[in-house]
Each structure stands twice: as structure tokens, then as C-alpha cells.
Student: 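Input: one structure, supplied below.
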2 protein chains.
Amino acid sequence: MTCLRVAIADDHAVVRTGFRRLLELEPNVTVVAEFGDCETAYTWLCANHADILVLDLSMPGRGGLETLRRLKARVPTLKILVFSMHGAPAMVSQAMQAGADGYLTKSSAPDALISAVLDLGAGGHPLSQEAAHALNEAGNDSQAPHLVLSPREFQVFTLLAQGLAVDEIAGRLCVSGKTVANYQTAIRQKTGLGNALEMFRYARTHALLE
Amino acid sequence: MTCLRVAIADDHAVVRTGFRRLLELEPNVTVVAEFGDCETAYTWLCANHADILVLDLSMPGRGGLETLRRLKARVPTLKILVFSMHGAPAMVSQAMQAGADGYLTKSSAPDALISAVLDLGAGGHPLSQEAAHALNEAGNDSQAPHLVLSPREFQVFTLLAQGLAVDEIAGRLCVSGKTVANYQTAIRQKTGLGNALEMFRYARTHALLE
DNA sequence: GAGAAAATCGGGAATTTTTCCTATGGAAGG
DNA sequence: CCTTCCATAGGAAAAATTCCCGATTTTCTC
């Protein structure tokens, strides 16, 4: 078996170095490049060969996901292991749909990184527990708000999720504040989302806000 | 010079391991403990001796800052080096006020960690460029919440910004719901942030949420 | 250190918001 | 036509918030 050529993209130098040391303990792995931003990573990987890219999605340059997509389109043979802070279902499923070959959360054990890289090298698709669970959740959300809420309720929901106050919404929809308050109650009951922040988070992770 | 006894608290096992490897390259440093959560760290450090704690503020157990305060109160001789994702002015100044002896952002060079630890051991107060700059900014930014809010108010603010309900916060802080409600009112008045979602947005754009 | 200033904590009362229940009119559908 | 669901709101009760206040404790200042 020949040596796996691994590249690391993470905006935190310390984290990169930590990874490098970790990975270099493995005899079949060489770290061939490190990148601190998306552009550099993209340029280098288009011009040079690597087997695996360990990619932190939360990178500056605004678009870890975008880079992932572009890289996969340009260099399809490159295996990409996403290594993210966030285990949110939406994030995981976005990343996998964008073409990631594996997904680890940063709460994984150090060994998990090594075995994930080796697994990838062998053609596997390693997912951390958390990521697998998240993917599962993302699949079967049968009680999405737009399904349990009436049209008007859903409209109020999106407004609430944007942080508008009850009376602002009433003004905007030209109805009584009382009515909006009543809708709010119904929405909370039907969705289980207790406050505007929860609604916002829900709406965001489910891409319900434009 | 005797060996510096260093402990590491970070919720990401991979990061801890990276630090350990980095620090152990230095002959005058021994890593004596690693912690994945605040409680464990606190308990251990009260019972055992360490010279320096490298502390990631964004830890579970809700309250990296709080742990920092408690540790400083209980074990004043312990030097604490905060090592955070965020270089936000507010964060830096809160941490320093809570008693941190040094502050590095994760974008620092790997070597910076080592030199910061050594500097701390020699009685210095290492700040990363970013942190120093942030502290400076914090001085001029007279509207920032951490300046208009008291420590306790700021703490409640971060909890509200995370979407916790008043009573949940009361339970977590072991005070009356009435007190938290009163804090909430003060926070809203002082910051002009009218609801949890606005607080969340503010906190996010200012990177105040670990 | 003594005194001043600020912070933490909560009670009480007034006010506002939210909930719950009810009701009317209209649209969709069998 | 009758049933059902939806949009709209009013009233009353319940809950949350605000405002005002006082008691301690901490922290800062001279």
C-alpha cells in the first residue's frame, strides 16, 4: 500500500499543526499541504495531487461549503473529509450533498481522525456517531411547520422567526395584534417552538427563510 | 528552572491532544492533566497542583467564564491562559476581567502557545496580537454590552441570547426567577435589544457566544 | 481603612403579553 | 345544504415584564 497524501485546510494554525502531528504518527500517511483559507486550498489542489483533504467548513473566505462543491467539481478523485465544529443535521446533510466523502465533528476522539482518513483511503465513507445521527434526523422530519401550520400561521411564523414583535407583525399584515397573538399561541403549540429564537433556529436550519 | 506543570481544558479531544504534543516538545513543560469539561477541570485543579491552565472558553458545562472566575477565586496561584476561538473585543475584556493571565486566539501560530506558556511561567501576561488589539478596541467602544452591563448582567445576557427562558436561567444560576426577570429588563434597557432574537444576533455578530 | 459607588438579589404592585375560550363570516367540498 | 377548516378578534384569566424599592455584599477611591 502506498502512502496516502493528505492535505489539511483549517483556519486555525494550531489545529492544523495538531492534525499534522497526529496524522504523521501513521506510517502510511504523509501530510503534503496545509491551508489557512479556501482560496489557497482550491488553487493548490487544482494544480497538485492529494488523495484526501481534511476540511474545516467554518473557514474565512465565506464559503467552506462552496469550496467543497467547487473542488468536487474540479477534482472529483479527491476525497474530502469534513471536520466541523457543528454537528447540526442541516449542516451535515448540506455537506454530504455538496459531495463530502466523510464527516467528523470536532468532538470526536483523536483516533477517529486517523481511522477516518484510513477508511477514506480504503474507499469508505466515515461518519462520526453524531453526524450519522444528524443525517438520520434530517431525513425524516415529517412534522415540518409548513405541514402542520395553516398558510396564515406559517406566514406569521416566518415573521416571528425574523424577530418581529407581535404588534409589528399585526401592523404589517393589517390585522389586530390580538389576532397575531392568537396565531403565535397556536404556532407555539403546534410546533413546540417556545420562543422567537427557537423559531429562528428552526427556520434557518430548515432553510425556511427565503 | 523546574518543570512547568500545565493542564489543558478543551472540549475537543483532538485539540487537547494537539496541544499536548506541541507542549511536550518543550523540555521545561509537563502536561499533567487534560479535561473535557468545566466541572472536572475545577474539581481536579482544586485538589491537585498545576502551574498553568490552558483554558478554552467555549466548553460545555455552560460557563467557561464562570469556571475561570471560580478557579481564580479558589486557586489564585494558578495562572490561566485563555485560548479561545474568538478574538472579539468583548470576549477578551470579559476574560481578562474575570482574571485570565493571558489570552491567545486560535489563529495564533502554534509557537505562540509555547511561548505564551513559558511567558506565563516567568510571570508575564501574554496577549496575542489580536487579543491586545481587541482589548484596545474594547476601550473605545463605549456602547459594547460588556461595558454597560455588569458581570452578572452580561452572564444573563449570554444565556438569554442562547434562547434560554427566564426560569431556566434562574434554575441554572440558582437565583429567583424574579431576579433574572429584573436583570432582563435592565439588559433590554441598557442595550436596546428588545428580545432574545435580537440579543442572539448581536451576540453572534460580536462573537460573544463562546 | 473608611466612605462612596456599584452590584447582587428579590419583594410588591402596576402593566403588558400570552393563553384559553368563544364567536362570526367566508371558502371549499362532498 | 351541511360540515369543516380558516381568518379574524373579543373577553377573562394567567403569566411575564416592568418599575420602584430596600437589604447586603463587593469593589473602588481617597
Side-chain angles (χ1 to χ4, degrees), chain A residues 143-200, chain B residues 62-63 65-66 68-74 76 90 93-100 138-139 142-200:
Chain A
Q143 75 275 38
H146 37 296
L147 297 183
V148 297
L149 298 183
S150 76
R152 194 60 154 173
E153 284 169 346
F154 183 74
Q155 188 182 14
V156 173
F157 167 76
T158 62
L159 264 11
L160 285 171
Q162 284 169 52
L164 296 198
V166 167
D167 284 332
E168 288 172 328
I169 296 175
R172 185 171 296 192
L173 300 183
C174 295
V175 296
S176 151
K178 207 61 218 311
T179 302
V180 177
N182 285 332
Y183 277 130
Q184 178 183 221
T185 301
I187 292 166
R188 284 179 177 168
Q189 283 200 331
K190 288 184 178 179
T191 65
L193 270 15
N195 59 52
L197 186 42
E198 283 179 23
M199 290 184 203
F200 167 76
Chain B
R62 265 310 155 236
L65 267 184
E66 195 43 39
L68 172 48
R69 257 187 219 102
R70 281 163 57 208
L71 268 174
K72 264 294 171 180
R74 188 64 111 68
S93 107
Q94 283 281 328
M96 296 308 283
Q97 281 194 316
S142 52
Q143 297 294 68
H146 54 293
L147 291 184
V148 295
L149 299 183
S150 73
R152 193 60 152 176
E153 284 169 345
F154 182 77
Q155 188 182 16
V156 172
F157 167 76
T158 62
L159 264 11
L160 286 171
Q162 285 169 48
L164 295 195
V166 167
D167 284 334
E168 290 172 326
I169 296 175
R172 189 170 293 193
L173 300 183
C174 296
V175 296
S176 151
K178 203 65 216 310
T179 301
V180 177
N182 284 333
Y183 277 128
Q184 178 182 222
T185 301
I187 292 166
R188 283 179 177 167
Q189 283 203 329
K190 287 183 177 180
T191 65
L193 270 15
N195 59 52
L197 187 43
E198 282 180 24
M199 290 184 202
F200 168 76

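All values reported here derive from a predicted model rather than from experimental measurement. Protein chains get the first letters and strands the later ones, always in sequence-line order, with residue 1 at the start of each.
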Student: Indicate the atoms forming the closest heavy-atom contact of A:Ile169 with A:Leu164, along with that distance.
Tutor: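 Heavy atoms of A:Ile169 and A:Leu164 come nearest at CG1-CB, 3.6 Å.
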Student: Give me the first and last nucleotide of DNA chain C, going 5' to 3', that has any atom under 4.0 Å from a heavy atom of chain A.
Tutor: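 Listing 5' to 3', DNA chain C meets chain A from C:dT18 to C:dC20.
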Student: For side-chain contact (heavy atoms from CB on, under 4.5 Å), just list the numbers for B:Met199 and B:Ile187, CA-CA rounded to whole Å, side-chain angles, deciding distance to a tenth of an Å, and then say yes or no.
Tutor: CA-CA 10 Å; B:Met199 290 184 202; B:Ile187 292 166; 4.2 Å; yes
Student: Out of curiosity, A:Gln184 CD to A:Gln189 CD, how far, rounded to the nearest 0.5 Å?
Tutor: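 So the gap between those two atoms works out to 11.5 Å.
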Student: Can you find a heavy atom in the side chain of A:Phe157 that is under 4.5 Å from one in the side chain of A:Leu193?
Tutor: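 The answer is yes; the side chains approach within 4.5 Å.
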Student: Any pair with a residue in residues 154-168 of chain B that passes salt bridge (Lys or Arg N to Asp or Glu O under 4.0 Å), sequence neighbours left out, goes on the list, sorted by first then second residue, please.
Tutor: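 Non-adjacent pairs meeting salt bridge (Lys or Arg N to Asp or Glu O under 4.0 Å): zero.
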Student: Enumerate the protein-to-nucleotides 26-28 of chain D contacts in which both atoms are nitrogen or oxygen and the separation is below 3.5 Å.
Tutor:
none

Student: Assign a letter to each nucleotide of nucleotides 10-22 of chain D from its 5' end: B, base within under 4.0 Å of a protein heavy atom; S, sugar-phosphate only; -, no contact.
Tutor: BBB----SBB---
Student: Might you point out which heavy atoms bring B:Ala196 and B:Leu160 nearest each other, and give the distance in Å?
Tutor: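 Looks like CB-O, 3.8 Å.
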Student: According to salt bridge (Lys or Arg N to Asp or Glu O under 4.0 Å), does anything in residues 151-165 of chain A pair up with another residue at least two apart or in another chain? List the pairs.
Tutor: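 Passing the test, one end in residues 151-165 of chain A: A:Glu153-A:Lys190.
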Student: Using the side-chain contact (heavy atoms from CB on, under 4.5 Å) criterion, which residues pair with B:Ser176? Sequence neighbours excluded.
Tutor: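 If we apply the side-chain contact (heavy atoms from CB on, under 4.5 Å) test to B:Ser176, skipping adjacent residues, the hits are B:Lys178, B:Thr179.
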Student: Over its full length, what angle do the end axes of the helix from C:dG1-D:dC30 to C:dG30-D:dC1 make, each axis taken from five pairs and the result rounded to 10 degrees?
Tutor: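 Here the local axes at opposite ends form an angle of 40°.
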Student: Using the side chain to side chain donor-acceptor pair (under 3.5 Å) criterion, which residues pair with B:Glu198? Sequence neighbours excluded.
Tutor: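 Side chain to side chain donor-acceptor pair (under 3.5 Å) check on B:Glu198 returns nothing, list empty.
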Student: Give each protein N/O atom lying under 3.5 Å from an N/O atom of nucleotides 5-7 of chain D, with the pair distance.
Tutor:
unit_1 : atom_1 : unit_2   : atom_2 : d
D:dA7  : OP1    : A:Arg152 : N      : 2.8
D:dA7  : OP2    : A:Ser150 : OG     : 2.4

Student: Is the shortest side-chain heavy-atom distance between A:Leu159 and A:Leu173 below 4.5 Å?
Tutor: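 Answer yes - side chains close enough.
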